[in-house]
Amino acid sequence: MHYEAPDTTKAAVALLAKAKGSAYVLAGGSDLLVRMRGGYIEPDLVVDIKRIKAMREVRKSASCFTIGAAVSCAELGENAALKKAWPGVVEAANLIGSKQIQGRCTITGNLCNASPAADSVPAMVAAGAKAVIAGPKGKRTIPVGQVATAPGKTSLKKGELIEAILLPKRPPRSGDAYLRFIPRTEMDIAVVSAGVNLVLDSKCIVKDAHVALGAVAPTVVLVPDAAKAIIGTKLDGAALDKLGAACSAACRPIDDKRGTIEYRTKVAAVLAKRAAKIAYSRAGGK
Amino acid sequence: MSVKVSTTINGDKTEFVCEADESLLDALRNRVGLTGAKEGCGTGDCGACSIMLDGRLVCSCLVLGAEAEGRRIATIEGMAHGDKLHPLQNKFIEYAALQCGICTPGFLIAARDLLERKSNPTEEEIRFGLAGNLCRCTGYDKIVRAVQAAAKEMRGA
């Protein structure tokens with residue numbers, strides 16, 4: 001195996017594009033090294049992106065937050081401005097693994113690992129986050145929801161890597177939240193999860209909504225019907241019930257040791273309703 | 001492919017050569033001779049290999065040795081000053097917060113990081129903060145009590 005730690009995105013792309021054999025990007029390594037050590041993969045090349053300065057930064061501009069691909073989830077939790085604007089995304093990122101894993105893992109890695117149960121992804125999808133992809137043919141920006149195509153598979157082409165995640169600027173009276181269910185209190189993988197992102201009008205009526213579910217389908221699913229169920233409401237009981245029903249209807253889960261199809265389908269509705277209430281309150285809704 | 005790595009470990013400039021796919025844990029134990037960090041699971045679940053890397057608590061089993069180039073590493077070997085133990089080490093002994101001892105270096109490193117970030121954590125914060133460290137002998141109660149006692153002493157209370 002060859003290990004390279006380039007200091008520019010261009011050099012990283014060039015290494016990945018010309019690699020013969022299997023090439024992997026190393027951000028936090030909390031998935032990649034587990035797979036290497038378990039013998040599931042034997043990389044010919046590992047490209048460590050942590051020496052690329054721009055990928056180590058969170059930048060705030062007039063239109064968005066740009067989160068470099070190598071920024072650890074612990075750093076996101078320590079970024080007051082990001083936490084204030086996107087508390088749901090940050091709480092999702094801070095639910096991944098332990099403090100030790102937090103110090104290394106990244107939301108870009110979580111996205112590229114393409115697990116249906118990835119914690120940060122439903123929150124990012126609900127937030128309308130975008131991934132900036134650099135490759136041999138230049139850069140392209142796609143919605144985060146289009147990165148994973150199946151468990152463990154992404155739409156990235158040879159030579160491409162994600163350079164940053166973009167989170168849009170928040171309008172007034174907006175809020176987001178993420179909840180997951182696990183059988184213990186920490187250090188586990190989501191059985192079901194839900195991310196909700198809301199914008200309210202001046203009368204506390206939901207003006208815009210995005211609801212995403214994790215661990216209930218091969219990839220994270222955005223549920224437009226759940227959003228429609230609460231837009232134009234003050235999140236009353238009937239609206240929440242409709243949101244829950246839409247979420248359950250969107251589930252296509254599997255039975256496994258973590259939960260059954262029936263259980264996941266039911267709990268998706270419960271979590272989405274609870275997350276919606278938290279997002280509503282964070283947006284200033286009363 | 002072998003990689004030559006220059007790094008700083010517990011304040012000392014250190015050089016080692018390791019394989020490109022070798023973990024920092026293996027490099028520390030087998031190349032540098034620092035065997036305090038332990039391998040429990042090798043998958044980042046148990047925390048026995050906890051070290052500080054540029055001021056961040058990490059599992060050294062999930063770091064490549066090659067990544068340590070130019071970084072600052074702190075391991076359990078740097079925790080005591082000569083014969084003078086760190087308050088956490090003293091309290092772990094006093095409270096018998098260990099049996100077999102395999103998890104102890106990781107717990108101490110993680111607990112020190114926790115107390116440096118928060119000098120007066122609640123029991124719940126300690127339990128969450130140390131959730132990435134597994135102990136299969138004592139249960140966690142004595143460990144939590146030892147951390148609380150060390151925190152109290154370190155605050156001068």
Side-chain angles (χ1 to χ4, degrees), chain A residues 1-7 21-51 56 70-78 94-106 109 113 182 184-189, chain B residues 1-5 18-26 37 39-71 106-107 109-114 116-118 124-134:
Chain A
M1 184 189 110
H2 278 264
Y3 167 85
E4 298 286 350
D7 52 18
S22 58
Y24 292 86
V25 174
L26 169 61
S30 52
D31 289 309
L32 182 68
L33 266 69
V34 172
R35 279 191 282 153
M36 280 168 60
R37 291 170 69 92
Y40 300 102
I41 54 167
E42 281 185 41
D44 295 303
L45 172 70
V46 164
V47 178
D48 182 358
I49 57 171
K50 290 189 293 298
R51 308 266 168 186
R56 295 297 298 266
V71 176
S72 70
C73 288
E75 289 170 281
L76 298 185
E78 292 161 9
N94 285 176
L95 278 174
I96 303 169
S98 59
K99 288 277 180 279
Q100 283 87 336
I101 299 299
Q102 288 287 312
R104 293 271 293 172
C105 70
T106 66
N113 191 48
I182 55 173
R184 51 204 303 265
T185 54
E186 70 288 303
M187 289 282 287
D188 206 348
I189 295 165
Chain B
M1 176 190 175
S2 291
V3 187
K4 190 179 167 201
V5 179
C18 68
E19 290 302 313
D21 60 357
E22 190 171 325
S23 71
L24 179 57
L25 173 64
D26 286 344
E39 175 159 320
C41 63
T43 51
D45 293 294
C46 80
C49 64
S50 296
I51 61 158
M52 302 301 291
L53 179 65
D54 276 355
R56 283 276 170 210
L57 178 68
V58 302
C59 287
S60 59
C61 75
L62 295 187
V63 179
L64 292 176
E67 290 183 66
E69 174 65 35
R71 307 287 191 210
F107 264 105
I109 291 286
R112 183 179 62 180
D113 183 54
L114 176 73
E116 280 173 1
R117 288 169 190 278
K118 187 148 202 171
E124 192 180 356
E125 284 167 337
I126 293 171
R127 288 183 183 272
F128 268 105
L130 299 179
N133 294 82
L134 302 184

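Residue numbering restarts at 1 for every chain, and letters A, B, ... go by the order of the sequence lines. Keep in mind the model is a prediction, meaning the values are calculated, not measured.
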Inset, instruction - Apply side chain to side chain contact (heavy atoms under 4.5 Å, CB included) to the pair A:Gln100 and B:Asn133, showing each step before the final yes or no. - result: CA-CA 9 Å; A:Gln100 283 87 336; B:Asn133 294 82; 2.9 Å; yes

Legend entry - Segment of A:Leu32 engaging chain B (4.5 angstrom heavy-atom cut-off): neither

Legend entry - chain A contact via B:Ile109 - side chain, backbone, both or neither, heavy atoms under 4.5 Å: neither

Inset, instruction - Please assess B:Arg127 against A:Glu186 for the test side chain to side chain contact (heavy atoms under 4.5 Å, CB included), listing each intermediate value before the final yes or no. - result: CA-CA 10 Å; B:Arg127 288 183 183 272; A:Glu186 70 288 303; over 6 Å; no

Legend entry - Spatial distance of atom CG (A:Asp44) from atom CE (B:Met1) [nearest 0.5 Å]: 12.5 Å

Inset, instruction - Between chain A and each of B:Gly44, B:Ala66, B:Gly70, B:Cys59, count heavy-atom pairs under 4.5 Å; write down the option with the most. - result: B:Ala66

Inset, instruction - Could you grab the distance from atom CG of B:Leu64 to atom CE of A:Met36, nearest 0.5 Å is fine? - result: 5.5 Å

Legend entry - Verdict with supporting geometry, A:Lys99 and B:Phe128, side chain to side chain contact (heavy atoms under 4.5 Å, CB included): CA-CA 9 Å; A:Lys99 288 277 180 279; B:Phe128 268 105; 5.8 Å; no

Inset, instruction - Kindly compute the distance separating SG (B:Cys61) from CZ (A:Arg37), expressed to the nearest 0.5 Å. - result: 5.5 Å

Legend entry - Closest contact, heavy atoms only, A:Arg104 versus B:Leu62: NH2-O, 2.8 Å

Inset, instruction - With a 4.5 angstrom heavy-atom cut-off, could you sort out which part of A:Met187 is near chain B: side chain, backbone, both or neither? - result: side chain

Legend entry - Inter-residue atom distance B:Thr43.OG1 - A:Asp31.CG, 0.5 Å rounding: 11.5 Å

Legend entry - Validation row: A:Glu42, B:Asp21 side chains within 4.5 angstrom (heavy atoms): no

Legend entry - Max heavy-atom pair count under 4.5 Å with chain B, selected residue of A:His2, A:Arg51, A:Lys50: A:Arg51

Legend entry - Side chain / backbone / both / neither for B:Glu69 at chain A, heavy atoms under 4.5 Å: both

Inset, instruction - Locate the shortest heavy-atom distance separating A:Ser98 from B:Gly132; write the atom from each residue and the value. - result: CB-CA, 3.3 Å

